[in-house]
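Shown next, in structure tokens, is the structure this report addresses.
Throughout, numbering of the chain's residues begins at 1 and tracks the sequence. Because the structure is predicted, anything quoted here is derived from the model rather than measured.
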Amino acid sequence: MEGNRPKRRKDKYNPYTICEKDGQYYVSFKDGQGVLHKLEISKALYDTFDSFELNDLVYLNVVDRHIEQSEV
């Protein structure tokens, strides 16, 4: 989906993608059968998904900087 937000690194267990287009907010994901679904969502739900992605990014950065370095 096209939108005006930066591309973020995602956790491999994050099954959805969010975007904003023309003032509308969308989430897209593939179901268990591999069919892509695109749903329009509210601004509040978009903000919630956005905060989940930011929390995932923080965790991925911690893993990269600290946990993987201590294994070496």
Quiz item: Can you tell me if Asp31 uses its side chain to pair, donor with acceptor, with the backbone of Gln33 under 3.5 Å?
Solution: yes
Quiz item: Nearest heavy-atom pair of Tyr16 and Glu53: which atoms, and what distance?
Solution: CE1-OE2, 3.8 Å
Quiz item: At what distance, to the nearest 0.5 angstrom, does CG of Leu45 lie from CD of Glu40?
Solution: 11.5 Å
Quiz item: Of Ile41, Leu54, Thr17, which meets side chain to side chain contact (heavy atoms under 4.5 Å, CB included) against Phe49?
Solution: Ile41
Quiz item: If every non-hydrogen atom of His37 is compared with every non-hydrogen atom of Val35, which pair is closest and at what distance?
Solution: CD2-O, 3.3 Å
